Q: 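Submitted below is the structure of interest, expressed as structure tokens.
Atoms within a ligand are numbered from 1 in the order they appear, just like the ligands themselves. We count residues from 1, following the sequence as given. Note that this is a predicted model, so its numbers are computed, not measured.
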Amino acid sequence: MRKAIATVSLSGTLDEKLAAIAAAKFRGVEIFENDLLSFNGKPADVRRMAADLGLDIIAFQPFRDFEGMPPERRAKVFDRAERKFDLMQELGCDLLLICSNVSPESLGGIDRAAADLRELGERAARRGYRVGFEALAWGRHINDYRDSWEAVRRADHKAIGLVLDSFHILVRKSPLEAIRSIPRDRIFIVQVADAPLLDMDYLSWSRHFRNFPGQGDLPLLDFMTALQATEFEGPLSLEIFNDQFRAGSARSVAVDGHRSLIYLLDQLRARTGMAVPDLPRVPPRAACLGTEFIEFAIDEGIAPQFETLLLGLGFHRAGLHRSKSVTHWRQGDINLVVNTEKEGFAHSFNITHGTAVCALALRVEDAAATIDRATRLLDQPFHQAVGPGELDIPAVRGLGGSLVYFVDAKSPLGKLWDIDFEKTGEGGAGAGLTVIDHISQSMHYEEMLTWLLFYNSLLDVAKAPEQEIVDPGGLVKSQVVQSADGSLRLVLNASQSQRTLSSRFLSETFGSGVQHIAFATDNLLETVKHLRARGVKLLPVPENYYDDLEAKIDIPAEQLAVFRANSILYDRDGSAEYFQAYTETFDGRFFFEIVERRGYRGFGAGNAAIRLAAQARQVKEAEVLSR
Ligand code: MG
Ligand code: MG
């Protein structure tokens with residue numbers, strides 16, 4: 001299937017959109033009439049621009065309120081169509097897309113619609129054009145693809161074909177079986193869009209909330225599987241009306257779009273086992289086996305303070321990098337890397353972001369295959385100079401310009417700590433921290449769908465339903481992405497308000513990134529005792545929280561007193577239990593969380609608001625002190 005995108009999906013002027021579409025390696029584009037009308041140039045200029053960029057103008061749209069008009073209005077409708085054909089001639093485009101009539105004046109009747117389409121087909125064929133007909137979910141008489149297909153079938157004209165749009169079909173929950181019996185040469189174009197499940201009218205839902213395949217909740221793969229049965233090989237085009245996309249960068253949205261199509265076709269091939277035209281072999285999504293390490297970019301001046309915190313948390317300095325000012329800290333199965341280099345990636349990251357997590361390294365089965373997949377998905381590979389004999393760990397750019405490294409056990413990457421580091425021989429009893437439980441990343445609201453797609457398309461992870469969390473400064477959207485066995489859990493947070501902690505994090509660290517890291521323990525109370533004995537300051541939890549907890553959950557008084565005395569937050573889900581404690585924020589940037597899970601699968605969403613309020617209070621106190 002030939003991958004394409006409609007200009008309406010992107011921000012900017014038409015020339016900017018075309019440049020972004022070409023830069024994202026699309027070869028086909030649908031031109032939206034509004035983009036053409038608002039463009040400061042002639043259609044012939046657009047034709048030339050597209051040709052120079054190597055783009056094929058595959059369709060011109062939309063043509064509205066055409067079929068089934070009363071006799072007195074009919075001639076006028078055909079005149080309008082001829083004007084569109086004139087424009088298409090200048091554009092050098094041969095396919096006009098019609099969406100089903102929404103006018104209260106239209107009369108309905110499938111044969112009337114078919115007769116109108118047949119006559120239009122005659123006129124189009126005379127000029128060498130074709131016309132595609134689409135059922136809008138809110139069309140007045142034709143709003144189901146089975147009816148638009150019946151109209152096209154009865155029109156029985158070679159210049160008249162069908163447009164299938166996944167959004168209109170899936171939001172109405174139309175059965176998909178009938179797609180299988182449509183002859184593929186009668187389908188002129190397929191438009192794909194996903195969307196979140198929302199309870200609203202089809203028109204508003206479609207005009208504002210469509211998103212790229214994989215970003216929403218519609219059963220797109222079922223739609224594609226039915227389409228695949230027809231052996232359709234024509235254009236597969238993204239037609240996405242989305243306010244966020246139209247406010248974002250055209251270039252990055254276009255790349256997201258192309259990535260989403262490659263991922264969709266890859267899933268289709270995996271599901272059906274059938275060949276998908278125009279899709280190169282892509283290694284499968286990488287199963288994530290855990291986090292190998294988290295790397296912090298830190299200024300030399302602050303590093304001692306941070307290392308004191310790590311010691312307090314029970315980490316020991318396990319190794320020193322052979323050629324760089326980089327140390328390896330370890331506890332249980334957790335590896336942290338502290339980078340205080342004065343050049344290279346971590347250094348420049350530190351200059352722009354301050355003390356921050358500059359890289360995550362994920363354990364996968366096959367790091368080379370993972371990078372191969374990333375590259376095919378248009379992710380951005382990263383390389384930097386390494387010392388002689390040292391490992392060149394494969395990486396791609398992740399959130400906020402940070403890196404995502406991939407290591408595996410089957411290559412020398414599995415001996416990373418021996419090859420690149422010299423052991424210190426230091427050790428320690430630790431504080432009972434075992435593994436990284438989850439990593440929380442804050443980002444701008446507009447970026448959330450981008451990173452959701454990035455993780456989902458590359459790694460074998462699934463998204464949990466989105467949640468909203470109340471921060472004293474506004475609502476925060478929270479989206480969990482995790483592997484089935486929990487070896488990788490990422491919590492993506494975004495807020496539209498400037499005043500939430502999540503937003504403050506963005507403005508203070510100059511961009512998106514890791515806001516907190518949660519370590520797991522088998523016994524939170526014991527761990528908290530260790531931490532306190534070593535002088536680690538925990539986030540104080542307000543008294544009200546425990547009063548409320550007592551009222552909400554049936555909990556023995558002694559246990560509650562222990563929670564209260566140790567700043568422990570608690571949640572219960574059936575018989576599953578969750579215990580949480582937080583460190584104070586380090587250098588105003590990020591903090592650590594310690595969790596104990598007893599069969600619990602969530603993230604204590606109910607407690608997040610309490611934690612955010614406690615942190616907001618600390619920020620305020622710090623501001624007062626610094627005045
Ligand atoms: Mg459409
Ligand atoms: Mg957490």
Q: Mind checking side-chain hydrogen bond (donor to acceptor under 3.5 Å, both in side chains) for Asp185 and listing every partner two or more places apart, or none if nothing turns up?
A: none

Q: State the CG-OG distance between Asp65 and Ser103, to the nearest 0.5 angstrom.
A: 5.0 Å

Q: List-wise, which protein N, O or S atoms are found short of 2.8 Å from the Mg ion (ligand 1)?
A: Glu134 OE2, Asp165 OD2, Gln191 OE1, Glu239 OE1

Q: Enumerate the residue pairs fulfilling ring-ring contact (aromatic ring centres under 6.0 Å, His included) with a member in residues 69-119, sequence neighbours excluded, ordered by first and then second residue.
A: Phe66-Phe78, Phe85-Tyr129

Q: Just list the side-chain donor-acceptor pairs under 3.5 Å for residues 209-217, sequence neighbours left out, or say none.
A:
| residue | atom | partner | partner atom | Å |
| --- | --- | --- | --- | --- |
| Arg210 | NE | Ser206 | OG | 3.1 |
| Arg210 | NH1 | Asp165 | OD2 | 3.4 |
| Arg210 | NH1 | Glu239 | O | 2.7 |
| Arg210 | NH1 | Glu239 | OE1 | 3.4 |
| Arg210 | NH2 | Asp165 | OD2 | 3.2 |
| Arg210 | NH2 | His168 | NE2 | 3.4 |
| Arg210 | NH2 | Ser206 | OG | 3.4 |
| Asn211 | OD1 | Ala195 | N | 3.3 |
| Asn211 | OD1 | Gly216 | N | 3.4 |
| Gln215 | OE1 | Phe212 | N | 2.9 |
| Gln215 | NE2 | Leu449 | O | 3.0 |
| Asp217 | OD1 | Lys463 | NZ | 3.4 |
| Asp217 | OD2 | Leu197 | N | 3.1 |

Q: Within this structure, what is the CG-CZ distance for the pair Leu55 and Arg47, rounded to the nearest 0.5 Å?
A: 14.5 Å

Q: With a 4.5 Å cut-off on side-chain heavy atoms, are Asp372 and Thr370 touching?
A: no

